[in-house]
Amino acid sequence: MFSFVRCFENFVETDIKPSCAVFVKVKDSEVQLTMKFPWSHSTLVEVLKNESKLHHKCDKLCEEISSKKLDISEFVEELGPALTHEDSSIRMKATQLLSEVLKNLPTDLLTEKQLEFLTAFYCDRVKDHHSVIPAILDGVLALAGMKSFPNGSGSKLASALFLNIPCQSQAKDERAKYFRFLSVLAEHNQDELKAMGADFVYGVIGAIDGERDPRNLIFLFEYMPTFLRQYPLLHLGEEMFEIFACYFPIDFHPNQSDPEAITRDLLAGKLEQCLCGAKEFAEYCVPLLLEKLESELIVAKLDSLRLLIKCTQAFDLPSMSKHLDDIWNALKLELMPGGGNKEIFDLALEATTQIVKFTQQDHQVADHFLTTIFMTVMGSIADVASKMFENGIKVALACAKATPESAHFVANKLLPMTLSQLNGETITEQEKLSLIDVLSRTLLVCKGHGILKEMEQQLVGAVQKQFIQILVQESDASELKKIALSCITRIPEAVVDENRFVVYTTIIHVLLSSSDERLNVEDCLHEFAVQYGTEVGNVIVDKLVAKKYEVVTSSTERVFHALAKLIPIECMRAKILKFFLGLVFEECDHESLTILALQTLQLVLETPDGTSVAIELCDQYKFIEQCVTLVHKEGVQHSSDLLFALSNTMKDTMKQLSAEKQKTIVTEQLPSMDLTKANDLYLTSGILGYLDESISVEDHFENLVDNLTKLAMNNEDEHVKLLSQQLLCSLFNRMPDDDHHRNILLKLLKMLRSELKSHNKKVVGILSWIGKGLLARGHPEAGEIVDDIAELLDHPTLGHTAALAFEILSVEFPQLHLPLIKNLFKQKLFMLVMKKLEQSAGKYAENHLKALLYVYKPTPHLVLKMNIKKVGPMLLKCLQLTDDKALEMALEITLRFIKEQDTFFQDHLQTLIPQLLKLSVYKSSMKVRIDALECLLYATKNPPFLLLPFKQDVVLGLQASLDDHKRLVRCAAVAARLQWFVVASGDNSSSTE
């Protein structure tokens, strides 16, 4: 115990004077830095016994040592009496103090010589009492991380620990420190530790052997692959592998109360890395996984298959080639016929693909392995009537997916066999469907490898011939035709000239006739247009745009949508845009076609290619200017539906333009708008609807507000009212925050409030839209507007309209552009409404409850949960309403709380369950009945002692729903009643899904 002290005394005498002062020479002047050790020898032991502010002293010591006012050697010298004290608890605390200081020192502070003597101290101390071991592990971990850690010290520390501290005899936390020490030491001292040869590797094996703590295992499983790459295992390869093999497959059940629980899958994934961490493991790993693959446990099979896939990535072919036959024999049992578990079957297919890919390193091995597989599945795939036909095809295609070479091999065998069966005389319609599907899937795999053009063209041509015959001979409702068209859609580059024109004819026929919509010719047209643009343009597009369309039918809609998909293709854009624009701006006898053309353009503008289309519409075709000219054309009357569609298309166009282009259009067009005319409102809405927030409309603001308000109040057209209200919403949302604009707002609000006295319902709508714009930007007047609307809930004629106004305030509208949106504005609305309405909580009428539901629905669930004491009673009242929409919203929100077993609803089951039973037979809405039954279903997740008082009533009450005239209601009733039957019966583990 005293060897270190004698050693250290020699060190002090030769290097540093034993006084408490340190002298430093700086520029020929001597500066004395004094730092006195905080305790004398006589008091040190007492202080360590009492632990009086020891951690504060530790921090102070670290500061003084870091600033070089105190030398580490002096510190250890002063600790000497405590470090060698006869009481092990004192030695433990003194060692802990030293280790804590080392942990908190900068890693580059101590010199190599200081670290050498500290290493000697810890090497000696590892023989101390077991209670000192945790402090020693802290110290050696700190030493190992020092930048000047001397050469030779690493092997000394490692040997000392291996010989004197059995890792698996320590507590969990100490083992974690032990493992971290080994990882740090191994990372920074590779040459030295490699020189120890097998001794170091054997020591590591002994340290980790038998570890069971999941967090320590996660650390080891993450680190050991690095260790295995850095250190040769020599003759200990099998011993190291067995250390990991004993955990395979992982059998672990996490603690449900652990907030950061480690999952079984996480451990299993990390273990795979270790089992494949060294090349030497190949001869042990494959037999292990094959043995576990024979297990009846699903998890063992899945882990074995995943490990097999990992082996193909970690090991080389020579080390695994001798196991290939055994591997296929094992996989064959899972695939032909398999055990019926889809997850195992799919993973076995993936393993097959990866092994075939793996064998391509040696063509001879690959051909042998593929031939072996095909010898196994040949009998199944040669007979479409076989029960194993589909499994055999999946295995063959799994092989084909591996590499281009394997795809060639499979296609050259599978396609002829399939074609010969198709030509048989006795096959049924269903068998023909299966064979055509095989041809399709095989060609798609080949396309994925890019080998269609390299394949034998006679064979590909024979497959094409089958598809073309189906397109010509089968009816449009045929499932065969659907599969054939789907395959041709995905391989247009392989279709030869004469066959392409048959495809084009089919596309035109289907689009122009009232054919089965399951035939997806739109995608087929697009794919062929991408591949053969000019040809498709001349043969199909020219014919479609030249046709005279008279009425809107399902066929017309399909044609327009098919053409819209081609607009992003550069070579076709011009002729298709001219076609649609011609229907809009030129003489068209049927307004419905114009509206359909505008709606189709909207769909295009909303796609990722919408920006380039919008720019071309504005620059080349002057779309906005033509819209203005069309609406202002004298003597021509347009319906509100057409003007509304025109406005929406203008909005979507403006939305895609840059701020600079938008500003130019606004400057040119806005001054000519006369909002006393309803037609100009549509144009103004189209121009301003999605205006960038950087563009100012201050010069027109007051005039716009006045005219829009008049239109909203006086016009009876629903489109006009909606557009004017939404424009007001957007304008006040982007309104500059100055006195002038604030006065305009206050003046308008004063006028609207006075209009409310005449019971004008339109004013309530205007107020709600203005309030929405102000609320989104966080304007202080928003609260006043919400208060005004809330006060109207009691009004005899305006109450219902006021309740609907809260829907406007809370719901998001896709066609509404609000440039300024403040964070948490939905929560702000919730708080405003609750504050206003909670004062009259005892007298909530139907309108109040509807208003609350409109606000609750978009409010984040967490906010509702935080206010459950206020929200909960309101939801229970809402369940007593008689409005279908309100009940649906109330049940939707209530279900969220029931699913998470909220304590409020658990405490109010005596109110909730009877009301849900009533709603389960609610006559006017099937959705309400289903939602109520779903709430009853998930209520069974609550503790049985809460449910038992209601069990009999619920089981009897649900009998009526079992005879409901709607099938979906009956299904929901059966599921709910079944769960209530097993409440507290010991068999209530059934899924509620």
Side-chain angles (χ1 to χ4, degrees), residues 328 331-332 335-338 345 348-349 352-353 355-357 359-360 363 366-449 451-471 473-474 479-484 486-488 490-491 494-496 499:
W328 171 242
L331 287 174
K332 179 174 61 177
L335 294 169
M336 305 289 290
F345 184 84
L349 286 177
T352 303
T353 301
I355 295 170
V356 171
K357 185 177 181 179
T359 60
Q360 294 299 319
H363 294 303
D367 287 346
H368 173 75
F369 188 66
L370 281 171
T371 302
T372 301
I373 293 175
F374 257 81
M375 290 293 291
T376 304
V377 302
M378 185 71 74
S380 299
I381 63 179
D383 181 9
V384 68
S386 167
K387 291 182 179 180
M388 289 293 99
F389 176 77
E390 181 59 26
N391 283 18
I393 293 299
K394 287 180 177 179
V395 172
L397 293 178
C399 296
K401 290 176 183 176
T403 64
E405 293 78 11
S406 65
H408 263 299
F409 181 95
V410 172
N412 288 336
K413 291 184 178 297
L414 187 57
L415 291 178
M417 292 172 62
T418 307
L419 288 170
S420 66
Q421 292 184 77
L422 269 172
N423 294 326
E425 297 179 356
T426 60
I427 65 168
T428 65
E429 187 72 14
Q430 187 58 46
E431 290 172 348
K432 192 172 184 180
L433 272 172
S434 299
L435 293 170
I436 290 294
D437 185 54
V438 170
L439 294 178
S440 172
R441 288 153 64 188
T442 307
L443 288 184
L444 287 178
V445 171
C446 294
K447 180 189 176 181
H449 289 298
I451 62 170
L452 280 177
K453 294 185 178 179
E454 301 169 13
M455 293 172 62
E456 184 182 344
Q457 292 307 301
Q458 185 177 356
L459 183 60
V460 176
V463 175
Q464 279 187 46
K465 183 179 178 182
Q466 288 289 338
F467 292 149
I468 297 301
Q469 284 178 353
I470 291 171
L471 291 182
Q473 298 172 2
E474 297 290 332
E479 191 68 23
L480 276 174
K481 193 166 188 175
K482 179 183 173 182
I483 295 175
S486 174
C487 182
I488 287 175
R490 288 179 282 183
I491 56 166
V495 182
V496 295
N499 291 338

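Any value given below was found using the heavy atoms of this structure, including those in side chains, with hydrogens, waters and symmetry copies removed.
- Looking only at distances, no side-chain donor or acceptor of Asn391 sits under 3.5 Å from a matching main-chain atom of Met336.
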Hey, mind stepping through Leu459 and Leu419 against side chain to side chain contact (heavy atoms under 4.5 Å, CB included) and telling me if it holds?
-> CA-CA 9 Å; Leu459 183 60; Leu419 288 170; 4.0 Å; yes

Show your reasoning for whether side chain to side chain contact (heavy atoms under 4.5 Å, CB included) applies to Val410 and Val445.
-> CA-CA 10 Å; Val410 172; Val445 171; over 6 Å; no

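- In terms of modelled atom types and a separation under 3.5 Å, the side chain of Gln457 and the main chain of Lys453 share a donor-acceptor contact.
- Considering CD of Glu479 and CD of Gln430, their distance stands at 8.5 Å, rounded to 0.5 Å.
- A donor-acceptor pair is defined here as one N or O able to donate and one able to accept, closer than 3.5 Å; no such pair exists between the side chain of Lys394 and the backbone of Leu349.
- A pairwise comparison of heavy atoms in Ala407 and Cys446 identifies O-SG, 4.3 Å as the closest pair.
- The main-chain N or O of Ala398 is found under 3.5 Å from a side-chain atom of Thr353 such that the two form a donor-acceptor pair.
- A donor-acceptor pair under 3.5 Å is absent between the side-chain atoms of Asp383 and the main chain of Gly379, judged by distance alone.
- Separation of atoms CG (Leu439) and OG1 (Thr418) is listed at 5.5 Å; rounding is to 0.5 Å.
- Although no hydrogens or angles enter the test, the distance criterion places a donor-acceptor pair under 3.5 Å between the side chain of Ser406 and the main chain of Cys399.
- Heavy atoms only, all atoms of each residue included: Leu452 and Val460 are closest at O-CG2, 4.3 Å.
- Atoms OG1 and CD1, on Thr352 and Ile373 in that order, are 6.0 Å from each other to the nearest 0.5 Å.
- Taken from CD in Glu405 to NE2 in His449, the straight-line distance is 9.0 Å, to the nearest 0.5 Å.
- Side-chain atoms of Ser486 do not come within 3.5 Å of backbone N or O of Lys482 as any donor-acceptor pair.
- In this structure, Lys447 places its NZ atom where more than 12 heavy-atom neighbours from other residues, nucleotides or ligands lie under 6.0 Å away.
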Check the pair Leu397 / Leu414 against side chain to side chain contact (heavy atoms under 4.5 Å, CB included), numbers first and verdict last.
-> CA-CA 9 Å; Leu397 293 178; Leu414 187 57; 4.1 Å; yes

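- Shown here for Thr376 and Trp328, the closest heavy-atom pair between the two residues is OG1-NE1, 3.0 Å.
- In this structure, NZ in Lys432 is found 11.5 Å from CD1 in Ile483, a value given to the nearest 0.5 Å.
- Evaluated for a side chain to side chain contact (heavy atoms under 4.5 Å, CB included) with Ile393, the options Thr442, Leu435, Val438 yield exactly one hit, Val438.
- Note that CZ of Phe389 and OG of Ser434 are 6.0 Å apart. Values are rounded to the nearest 0.5 Å.
- Contact record, Met417 with Lys413: CG-O, 3.1 Å, taken as the closest heavy-atom pair.
- Listed here is the closest heavy atom pair of Val384 and Gln421: N-OE1, 2.8 Å.
- A donor-acceptor contact shorter than 3.5 Å links the side chain of Thr372 to the backbone of His368.
- Between Gln466 and Ile436, the shortest heavy-atom contact is CB-CD1, 4.5 Å.
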Hey, mind stepping through Leu443 and Phe467 against side chain to side chain contact (heavy atoms under 4.5 Å, CB included) and telling me if it holds?
-> CA-CA 12 Å; Leu443 288 184; Phe467 292 149; 4.0 Å; yes

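- Listed for the His408 side chain is no donor-acceptor partner under 3.5 Å among the backbone atoms of Met455.
- Not one N or O on the side chain of Gln464 forms a donor-acceptor pair closer than 3.5 Å with the backbone of Asn499.
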